[in-house]
Amino acid sequence: MATKPKADPFAAVREATLAHIRQHGCGCYPYFDGSVLGVIAGASGAKRIVELGTALGYSAIWFAHGAPDAHVDTVEGDAEHVRIARGQIAAAGFADRVSVHHGDFKRVLATLAPGYDLGFFDGHGPTPALLAGLRRLLRPRGVLIATNLDFDGEAAPVRKALADPAQWLANFAVENGRTAIAVKQG
């Protein structure tokens, strides 16, 4: 017997993010389906998750929800988004397991220790340098989810890097090729 999918328990954060976009015109978009992120985090047994592009915290909340033993490090460059995200994350009950870092992606990545089980890129369009930074932080067989592949002119080199079998065991395109899921080669 099929069961009806449950409503998004974090829909208020998603809606707040969409309202923020309408009001401010900024680029803080919530990922299209947070529950998928939670499922991937849980299925991978993630204990450490790194995210680039916090926005208002929707995806970080889903990662923490889906992987109840994980700690999430999420990075956001916009100070106002950091403030709002920290409030949303605390209200959802995950402040003790989600650290919101304010700063430039590349600079903050350089301060984090390797060994992450899951990496998520949801900033503006990814660049080969940011992809390399995330790959450095992932453990062997760690999972990378890279979104916004169609956002700017860096998409072709990023897709090429994700398809490199010397770096990645597998690469799956989802959501009309806008998102890739890859598993780090040894």
Taking the side chain as every heavy atom from C-beta outward, state whether [X] and [Y] have any atom pair closer than 4.5 Å.
X      : Y      : answer
Pro126 : Leu131 : no
Thr179 : Leu149 : no
Phe63  : Val98  : no
Val72  : Phe94  : no
Gln185 : Pro140 : no
Ile145 : Phe121 : no

Checking the side chain of Arg136 only, and the main-chain atoms of Leu109 only, is there a donor and an acceptor separated by less than 3.5 Å? yes
If you look at every heavy atom in [X] and [Y], which pair is closest and at what distance?
X      : Y      : value
Leu138 : Gly119 : CD2-N, 3.5 Å
Val158 : Pro128 : CG2-N, 3.8 Å
Arg97  : Ala70  : NH1-O, 2.6 Å
Pro114 : Arg48  : O-NH1, 2.9 Å
Lys106 : Leu130 : N-CD2, 3.9 Å
Ile89  : Ala60  : CD1-CB, 4.4 Å

Taking only distance into account, with no hydrogens and no angle test, what donor-acceptor pairs under 3.5 Å do side-chain atoms of residues 33-43 form with protein atoms, sequence neighbours excluded?
from: Asp33; atom 1: OD1; to: Ser35; atom 2: N; distance (Å): 3.1
from: Asp33; atom 1: OD1; to: Ser35; atom 2: OG; distance (Å): 2.6

Which side-chain N or O atoms in residues 163-170 pair as donor and acceptor under 3.5 Å with protein atoms at least two apart or in another chain?
from: Asp164; atom 1: OD1; to: Ala166; atom 2: N; distance (Å): 2.9
from: Asp164; atom 1: OD2; to: Gln167; atom 2: NE2; distance (Å): 3.1
from: Trp168; atom 1: NE1; to: Ala161; atom 2: O; distance (Å): 3.4

Rounded to the nearest 0.5 Å, how far apart are [atom1] of [X] and [atom2] of [Y]?
X      : Y      : atom1 : atom2 : answer
Phe10  : Ile61  : CZ    : CD1   : 6.5 Å
Leu134 : Phe120 : CG    : CZ    : 11.0 Å
Lys184 : Leu144 : NZ    : CG    : 10.5 Å
Glu15  : Tyr58  : CD    : OH    : 9.0 Å

Residue pairs passing the salt bridge (charged side-chain N to carboxylate O under 4.0 Å, His left out) test with at least one member in residues 107-117, sequence neighbours excluded, are Asp117-Arg139
Pairs involving residues 77-87, ordered by first then second residue, that meet salt bridge (charged side-chain N to carboxylate O under 4.0 Å, His left out) (sequence neighbours left out): Glu80-Arg83
What side-chain donor-acceptor pairs closer than 3.5 Å can you find for residues 49-57, not counting sequence neighbours?
from: Glu51; atom 1: OE1; to: Thr74; atom 2: OG1; distance (Å): 2.4
from: Glu51; atom 1: OE2; to: Ser59; atom 2: OG; distance (Å): 2.2
from: Thr54; atom 1: OG1; to: Thr74; atom 2: OG1; distance (Å): 2.6
from: Thr54; atom 1: OG1; to: Val75; atom 2: N; distance (Å): 3.4
from: Thr54; atom 1: OG1; to: Val75; atom 2: O; distance (Å): 3.2

Partners meeting side-chain hydrogen bond (donor to acceptor under 3.5 Å, both in side chains) with Thr17 (sequence neighbours left out): none
Measuring centre to centre across the rings, with the benzene-like ring taken for any Trp, is His20 within less than 6.0 Å of His81? yes
